[in-house]
K.L.:
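Dropping a structure here in structure tokens format, bear with me for questions.
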2 protein chains.
Amino acid sequence: MAREAGTSRSTASRALSGQGYVAAHIREDVLAAAQRIGYVPDALARTLKAQRSNVVGLLVSDLRNQFYAELAAGVEQALRAAGYQMVLVDDHGDPQQELDGAKAFVAMRATGVVLTPAAAAATELLVERGVSVVEADRRSGARGCDSVIIDSEYGAREATRHLLELGHRRIALLIDETKWATGAERLRGYRAAHRAADVPLDRRLVLDLEFQAADARSRVAELLDQHPDVTAIFAVNNLMAETAWLELRRRGLAVPRDVSLVSFDDLAWMRMVEPGLTAVAQPTYDMGRRAAELLLGRVAEREAAAESKRGPGRRRIQETLEPTLVLRGSTAAPAASPTGA
Amino acid sequence: MAREAGTSRSTASRALSGQGYVAAHIREDVLAAAQRIGYVPDALARTLKAQRSNVVGLLVSDLRNQFYAELAAGVEQALRAAGYQMVLVDDHGDPQQELDGAKAFVAMRATGVVLTPAAAAATELLVERGVSVVEADRRSGARGCDSVIIDSEYGAREATRHLLELGHRRIALLIDETKWATGAERLRGYRAAHRAADVPLDRRLVLDLEFQAADARSRVAELLDQHPDVTAIFAVNNLMAETAWLELRRRGLAVPRDVSLVSFDDLAWMRMVEPGLTAVAQPTYDMGRRAAELLLGRVAEREAAAESKRGPGRRRIQETLEPTLVLRGSTAAPAASPTGA
DNA sequence: CTGTTAGCGCATTCAC
DNA sequence: GTGAATGCGCTAACAG
């Protein structure tokens, strides 16, 4: 390539990068030559030299779930706007695969990683290796990383409060991971709303699917069989809402007449069905964008510090985005005489 | 790291890679040292040296559209299983952004690229630079690449035939790009079915949205206003189906009593609504997987050729996957006396 | 079996 | 202003 331009490699490098002195006409020549032979600088070699890549990793739990796809789209958008590339790994919510993904990211010297943690190990590994990390949607509890999440407790509380205010007293909760993070917060919100309304909790109405989504449908059926006095269901994510919706329909139960239904996470289909689903809408795309922005900010900061200024490295940033309860037709006051009582 | 193990770099390298001779006890030491300091080999440097990376690019049109998310998930799955990383770029269907994405891929020396082409330029650029390319869902017409697509004409023909057999004669087609590839094929299928059934075509019933999805809703409304004798709608992708569904409901038209509706592309919501949507189901995830597999096969082949064998480079592979018409409640015979006639 | 040497493509000194 | 030399982390070839 330098040969094509009839100059030395250094000069060519300077001409292309715009760094350092180079005669105007020489630059022309070089640019023309580059154009001619379709020269594209090797980002790898540049990274090796500069010790800083422009790739950022994204680790999500399930790309086929619209929620994560939306998140990924937001991250990609912000990243690409800033000239970064996104390497995407789908760990299927498996801590082991998550860890493998994290290792792959350090192997490829990713500048930073955005992830929806399934465990703390991945974040810890990354942070220890000096990779900037931003957790999204969940917080693993690992130290040294920023995070941006949705206020799950608030969202769950609002959804539950809405049902309680309508007069529901037997509200089933469909949830999938109560030990931790998002799941725990939503459970807390559900409880807090009950407490605030002075309505007693019934543990048997809380269906914790843990990690087995496989038999979700039958577990829901079982719960409805055992507790025919349930007048409302709060599904803690879009998958659960889907399961609940299908099961209610299979049983021929009318929504909201027989049972009211609320979803946490508002997808397009929820306004397509009749009645539309009342749902807690999350700014998912924005959460992705914000996570990427935080990451980029951190990277810039770190570079400035390395450059010279001895930046003290600000405290971790923990952002919380507010969800919104969207009222649609799937929630109404319970029938005067409950189905089962 | 070599220092930590008390040996030379080459020896360490051999121990870790398993290539070449290394005394057993020395290998132990090296492995232990690597473990201790948490050494992770630099994939970049390795790539630079080996002149072959293990990253593959994926270029899609809209990650927020479930169709592409599904495709991406399939690609990712196959890639990761083979030890490759996926770099994802969302070009929003814009040829310019697509080209930029392609350039980024050659800059990072991606081994191959899977893409859903918006134009031929990106594929051409890639192929010319020696990057293996597999096109998915669409064929740009560029040479030198493999492809895997869904049989759009067949799917469209089946969907249309289904409507014709039910007795519909005025079938509106909602389509978004008839000049090219997938859109053109679906239009052809729609026509072929009419021809086979000896039903005359009415061009005015073909609503070509081109690229402006923005006013899709109003355009559909307009069409329904002008042609009240339409008894069925065939929406050529999931977005169109969504638009049609919402517009029909807004007008208070009953599906399928007043108007039947068929979608090309079957999403989860289509079986959640009442009545369920009859749809042409595509093996989208599998298409993604298959595309990645073809790509990997091509890469392996090329390496074998470079290695020694002078492989002649097989002819391009063009796979076609069959879609399936899924019958649900949204299609039925037209009412005896059409709404408008 | 192990250490030394060299070079992948780039950017950055440093002489000229 | 420009070119020659150096090194980023790795591995393949060679010599010991």
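Only this structure's heavy atoms are used, side chains among them; waters, hydrogens and symmetry mates stay out. Note on naming: letters A, B, ... go to the chains in the order of the sequence lines (proteins, then strands), and numbering restarts at 1 for each one. Computed from a predicted model, the values in this text were never measured in an experiment.
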K.L.:
In sequence, state the C-alpha distance, the side-chain angles, and the governing distance for B/Val87 and A/Val55, and then conclude on side-chain contact (heavy atoms from CB on, under 4.5 Å).
P.N.:
CA-CA 9 Å; B/Val87 177; A/Val55 336; over 6 Å; no
K.L.:
Check step by step if side-chain contact (heavy atoms from CB on, under 4.5 Å) holds for A/Ile317 and A/Arg298.
P.N.:
CA-CA 10 Å; A/Ile317 302 168; A/Arg298 209 49 111 163; 4.0 Å; yes
K.L.:
Is there any salt bridge (Lys or Arg N to Asp or Glu O under 4.0 Å) pair reaching into residues 102-113 of chain B, and which pairs are they, with sequence neighbours excluded?
P.N.:
A/Asp42-B/Arg109
K.L.:
Please confirm whether the backbone N or O of B/Asp137 pairs with a side-chain atom of B/Thr182, one donor and one acceptor, at under 3.5 Å?
P.N.:
yes
K.L.:
Using the C1' atoms of the five pairs at each end, what is the angle between the end axes of the helix from C/dC1-D/dG16 to C/dC16-D/dG1, to 10°?
P.N.:
50°
K.L.:
Would you be so kind as to tabulate the donor-acceptor pairs closer than 3.5 Å made by side chains of residues 64-86 of chain B, with sequence neighbours excluded?
P.N.:
| residue | atom | partner | partner atom | Å |
| --- | --- | --- | --- | --- |
| B/Arg64 | NE | A/Glu70 | OE2 | 3.2 |
| B/Arg64 | NH2 | A/Glu70 | OE2 | 2.5 |
| B/Asn65 | OD1 | B/Phe67 | N | 2.9 |
| B/Asn65 | OD1 | B/Asn238 | ND2 | 3.0 |
| B/Tyr68 | OH | B/Arg138 | NH1 | 3.1 |
| B/Glu70 | OE2 | A/Arg64 | NE | 3.3 |
| B/Glu70 | OE2 | A/Arg64 | NH2 | 2.5 |
| B/Glu76 | OE2 | A/Asp90 | N | 2.9 |
| B/Glu76 | OE2 | B/Arg80 | NE | 2.8 |
| B/Arg80 | NH1 | A/Gln97 | OE1 | 2.9 |
| B/Arg80 | NH2 | A/Asp90 | O | 2.8 |
| B/Arg80 | NH2 | A/Gln97 | OE1 | 3.3 |
| B/Tyr84 | OH | B/Arg52 | NH2 | 3.2 |

K.L.:
Nucleotide range of DNA chain D contacted by chain A, 5' to 3', under 4.0 Å to a heavy atom?
P.N.:
D/dG1 to D/dG9
K.L.:
Check the pair B/Ser147, B/Arg139 against side-chain hydrogen bond (donor to acceptor under 3.5 Å, both in side chains), reporting the backbone distance first and the verdict last.
P.N.:
CA-CA 7 Å; B/Ser147 61; B/Arg139 290 205 251 263; 2.6 Å; yes
K.L.:
Which residues in residues 30-51 of chain B have at least one heavy atom lying under 4.0 Å from any atom of DNA chain C?
P.N.:
B/Leu48, B/Lys49, B/Gln51
K.L.:
How would you list, by chain and number, every residue that makes a side chain to side chain contact (heavy atoms under 4.5 Å, CB included) with B/Ala23, sequence neighbours excluded?
P.N.:
B/His25, B/Ile26
K.L.:
Heavy-atom contacts under 4.0 Å between residues 15-22 of chain A and DNA chain D, which residues?
P.N.:
A/Tyr21, A/Val22
K.L.:
Is there a side-chain contact (heavy atoms from CB on, under 4.5 Å) between A/Leu295 and A/Asp146 once you walk through the steps?
P.N.:
CA-CA 8 Å; A/Leu295 189 63; A/Asp146 297 335; over 6 Å; no
K.L.:
If the condition is side-chain hydrogen bond (donor to acceptor under 3.5 Å, both in side chains), which residues does B/Ser8 pass it with, not counting sequence neighbours?
P.N.:
B/Thr11
K.L.:
Run the side-chain donor-acceptor check on residues 121-128 of chain B: report pairs under 3.5 Å with partners two or more places apart or on a different chain.
P.N.:
| residue | atom | partner | partner atom | Å |
| --- | --- | --- | --- | --- |
| B/Thr123 | OG1 | B/Glu135 | OE2 | 2.7 |

K.L.:
Rounded to the nearest 0.5 Å, what's the gap from CG on A/Asp29 to OG1 on A/Thr7? Could you check?
P.N.:
9.0 Å
K.L.:
Find the distance between CG (B/Leu321) and CD1 (B/Ile149) and round it off to the nearest 0.5 Å.
P.N.:
9.5 Å
K.L.:
Can you give the first and last nucleotides of DNA chain C, 5' to 3', that have an atom under 4.0 Å from a heavy atom of chain B?
P.N.:
C/dC1 to C/dG9
K.L.:
In chain order, what residues pass the side chain to side chain contact (heavy atoms under 4.5 Å, CB included) check against B/Thr47, with sequence neighbours excluded?
P.N.:
A/Leu44, B/Ser53
K.L.:
According to the salt bridge (Lys or Arg N to Asp or Glu O under 4.0 Å) rule, which pairs have a member within residues 1-12 of chain A, sequence neighbours left out?
P.N.:
A/Glu4-A/Arg36
K.L.:
Would you check, one step at a time, whether the test side-chain contact (heavy atoms from CB on, under 4.5 Å) holds for A/Val134 with A/Cys145?
P.N.:
CA-CA 6 Å; A/Val134 175; A/Cys145 67; over 6 Å; no
K.L.:
Both B/Arg9 and B/Arg109 contact DNA chain C. Which one's nearest nucleotide lies toward the 5' end?
P.N.:
B/Arg9
